[in-house]
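Scroll down for the structure; my scribbles are underneath it.
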Amino acid sequence: MNNITGRVWKFEDNINTDLMYPQICYTLPENDKPFYAMHANRPGWARMVNKGDIIAAGKNFGTGSSRPAADNLKNLGIACVLAESINGLFMRNSVNSGLISLEVPGITGMADEGDTLRINFNGNYIENISNGKIVKFRPLPEFLMEIIDAGGIINILKNKGLLGEPL
Amino acid sequence: MNIIEKILKSHSVDNLKSVSPGDIVTVSVDRAIIVDMAALHPEFVNNPPIKPFDPDKIAIIFDHFVPPPNIEIANRVNKLRKLAKIWGLKDFYDVGRGGISHVFSGESGWILPGSIIANTDSHTVATGAFNAIGRGLGTPEMMGIIATGKTWFIAGETVNVRFINGLKKGASAKDVFFKMAEIIGDIPNMNIEFSGTGIKTLNMDERSSISTMCAELSAEFAVFPFDDILKEYLEGIGIKNYNPVYPDNDAEYYKTYEIDLDNVEPMVALPDKIINNVRPVTELGKVEINLAVVGSCANGRLSDLRDVSEVLKNKKINKNVRLIVTPASMKVYEEAIRLGYIDNIIKAGGMVTNPTCGACLGGHMGVSSDGDVVISSTTRNFKGRMGSPKSRIYLGSARTVALSAVNGYITGDENE
């Protein structure tokens, strides 16, 4: 995985899937869905996100539903989610859609909104370029990084010839 | 090993000798359940798995949008009807045939003690009531499971929640969960195992309600021990062959919490989140409501409808309140009719819908409007969850919802 450098958006504890992917998204055209991310808690935010931006959040990020919340963040342009702790289902969905999410204890204290972070996957640390602070993280298991590197589980299943024709 | 570690070990495709926290375990899955929402994931209907690992271990259940509320969804779920035929599934449950997947799969005898269940819905932790482990999974991951019959878990630490004594009249399993939320908080990547003499005072509906709601603590699994109540339940639906799992004497737990059920009182979760946001109803002040909802995998079960019926019998709901009651399965619905519960609810002015997840996810059958103040026995109070982000959702037990519907404000007191 190449290093990721991006601008930070800060979020609080307990950001849930329904905020990232509200119910109405289910039947919207694919291209419109990402713009409803965080509509209920932070209207207008989705339109301000640039490709390559990073989310730095508090604990229990992604609590909630099995809906494709991680896809919505990825399709909006988010390059990486960093949080104090992450709900297990969100983590699985994130990996399976090819979006890297990392549990990074201490992340909320080392980055302010608008700071630039560099995530170093060789050294397993995050450097805040804006203030010089550094925090280490525990890397994801290798088999999960392989899914992310493949661009998500669908690509892997397709390459193995396990998926068929449209219904 | 504890119960969860033993179930992971018994399903390990690498024949692991033991499992402890941090271990990555690839497991075979005993049953995979797909709900109608999968039809709304383009990758699933555009590129479904060609060949299921075992059609007899796969079920498709329509539950979230039953019956479909619009043309788009009606057309999309048609594709799952087609898929059920292509895959040759015997377990396909269409409109009017099943119910909410977590409730229906229990009634159908699919959740055997010691088994592993994969389901595309996030409340699959509900399976814990049956001494089994199950996980909600995203649709892309489920596509892999359908093709291979396998998935993975990273074994987490497990907390032990010990129940003693029994619930007082007026308190319910949902209130026990709120108490857990208060003292345990969120525990991503960790598990819960229940123990203690208080368990024998909880029926299967009540255990299921507690297990289901543990999704809201971000728990991976929330498992009850095997006992006579579960054994008798399974016997009642004709299930005799299974392998219950007991914790070893030296099973390790990260922490133990004790809850005296006798001290549990009616509680509510305030709007927007459950973690750090629950209160005893008596400390709430007067919160007037205009929408009251009973339903969902957590609390649309027969015991919940019984509680609602008891409260509403020979009463009328408050003129400012709309009460919507959604039985969790066709079987619950049928039993509730037979026992007179539905009659009591309708006569009180409540509306009873067909079984569906419905209002819980803001899909249909009770969508909240701007300014609505909602008291609901459903699973989640996230902003916008049940409809408008400008509505406010309080969560409570089915009994609290019914009492509040009668009084016009949130109350858990029978005598008001």
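So you know, we letter chains A, B, ... as the sequences are listed, proteins then strands, and number each from 1.
Neither the backbone nor the side chain of A:F90 comes within less than 4.5 Å of any heavy atom of chain B. Contacts between B:E141 and chain A at a heavy-atom distance below 4.5 Å involve backbone atoms as well as side-chain atoms. With a threshold of 4.5 angstrom between heavy atoms, A:I86 approaches chain B through N, CA, C or O but not through any side-chain atom. Heavy atoms closer than 4.5 Å to chain A are found in the side chain of B:I24, but not in its backbone. Looking at A:Q23, only its side chain comes within 4.5 Å of chain B, counting heavy atoms on both sides. The part of A:L144 that comes within reach of chain B is its side chain, from C-beta onward, which places non-hydrogen atoms under 4.5 angstrom from that chain. Contacts of B:H123 with chain A are absent, with no heavy-atom separation under 4.5 Å from either backbone or side chain. The contact between A:N87 and chain B is made by backbone and side chain atoms together, counting heavy-atom distances below 4.5 Å. Only the side chain of B:I154 has a heavy atom closer than 4.5 Å to any heavy atom of chain A. Looking at B:I187, neither its backbone nor its side chain comes within 4.5 Å of chain A, counting heavy atoms on both sides. Of the atoms belonging to A:P22, not a single heavy atom falls under 4.5 Å from chain B. B:K273 touches chain A through its side chain: at least one heavy atom from C-beta onward sits under 4.5 Å away, while N, CA, C and O do not. Both the backbone and the side chain of A:N60 have a heavy atom closer than 4.5 Å to some heavy atom of chain B. Only the side chain of A:L157 comes within less than 4.5 Å of a heavy atom of chain B; its backbone N, CA, C and O stay farther away. Only the side chain of A:K158 comes within contact range of chain B, with heavy atoms under 4.5 Å apart. Only the side chain of A:I154 has a heavy atom closer than 4.5 Å to any heavy atom of chain B.
Contact record, A:G88 with B:R135: C-NH2, 3.6 Å, taken as the closest heavy-atom pair. For the pair B:K383 and A:L19, the tightest heavy-atom approach, listed with the atom from each and the gap, is O-CD2, 4.1 Å.
A donor-acceptor pair under 3.5 Å is absent between the side-chain atoms of B:N47 and the main chain of A:L163, judged by distance alone. Remark: the backbone N or O of A:D18 is not paired with any side-chain donor or acceptor of B:R385 at under 3.5 angstrom.
Your options are A:L162, A:I156, A:I24, and the one with the most heavy-atom pairs under 4.5 Å with chain B is A:L162. Contact tally against chain A (heavy-atom pairs below 4.5 Å) for B:P48, B:G362, B:P42, B:G138: the top residue is B:P48. By number of non-hydrogen pairs under 4.5 angstrom with chain A, the leading residue of B:A215, B:G185, B:P140 is B:P140. By number of non-hydrogen pairs under 4.5 angstrom with chain A, the leading residue of B:P389, B:G156, B:P49 is B:P49. Contacts with chain B were tallied for A:S65, A:G161, A:S85, A:G152; A:S65 has the most, counting heavy-atom pairs under 4.5 Å. When each of B:K82, B:E43, B:M143, B:R380 is checked for heavy-atom pairs under 4.5 Å with chain A, B:R380 comes out on top.
Rounded to the nearest 0.5 Å, atoms CZ (B:F382) and OG1 (A:T63) are 5.0 Å apart. Here CG of A:N14 is found 11.0 Å from CD of B:E216. Values are rounded to the nearest 0.5 Å. The OG1 atom of B:T148 sits 8.0 Å away from atom NZ of A:K160, with the distance rounded to the nearest 0.5 Å. Atoms CG and CD1, from A:D13 and B:I275 in turn, are 10.0 Å apart once rounded to the nearest 0.5 Å. Taking CG of B:D272 as the start and CG of A:N41 as the end, the distance is 9.5 Å to the nearest 0.5 Å. Atom CG in A:L167 sits 12.5 Å away from atom NZ in B:K85 (nearest 0.5 Å).
Summarising the local packing, CD of A:E113 is surrounded by more than 12 heavy atoms from other residues, nucleotides or ligands at distances under 6.0 Å. Heavy-atom neighbours of A:F143 CZ from other residues, nucleotides or ligands within 6.0 Å: above the threshold of 12. Residue A:H39 places its NE2 atom among 12 or fewer non-hydrogen atoms of other residues, nucleotides or ligands, all under 6.0 Å distant. The neighbour count for B:I183 CD1, taken as heavy atoms of other residues, nucleotides or ligands under 6.0 Å away, is above 12. Within a 6.0 Å radius of CG in A:D32, other residues, nucleotides and ligands contribute more than 12 heavy atoms. When the shell of 6.0 Å around OH of A:Y36 is examined, it contains 12 or fewer heavy atoms from other residues, nucleotides or ligands.
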Would you check, one step at a time, whether the test side chain to side chain donor-acceptor pair (under 3.5 Å) holds for B:N189 with A:E103? CA-CA 11 Å; B:N189 308 312; A:E103 290 192 314; 3.1 Å; yes

Does the side-chain contact (heavy atoms from CB on, under 4.5 Å) test come out yes or no for B:E72 and A:Y26, once each step is laid out? CA-CA 10 Å; B:E72 173 76 17; A:Y26 274 114; over 6 Å; no

Apply the test side-chain contact (heavy atoms from CB on, under 4.5 Å) to residues A:S66 and B:M142: give CA-CA distance (whole Å), side-chain angles for both, the deciding distance (0.1 Å), then the verdict. CA-CA 11 Å; A:S66 58; B:M142 182 59 83; over 6 Å; no

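With hydrogens and angles left out, the side-chain atoms of A:R92 and B:T151 include a donor and acceptor closer than 3.5 Å.
With respect to B:D186 and A:K59, a salt bridge is recorded, a charged nitrogen being found less than 4.0 Å from a carboxylate O.
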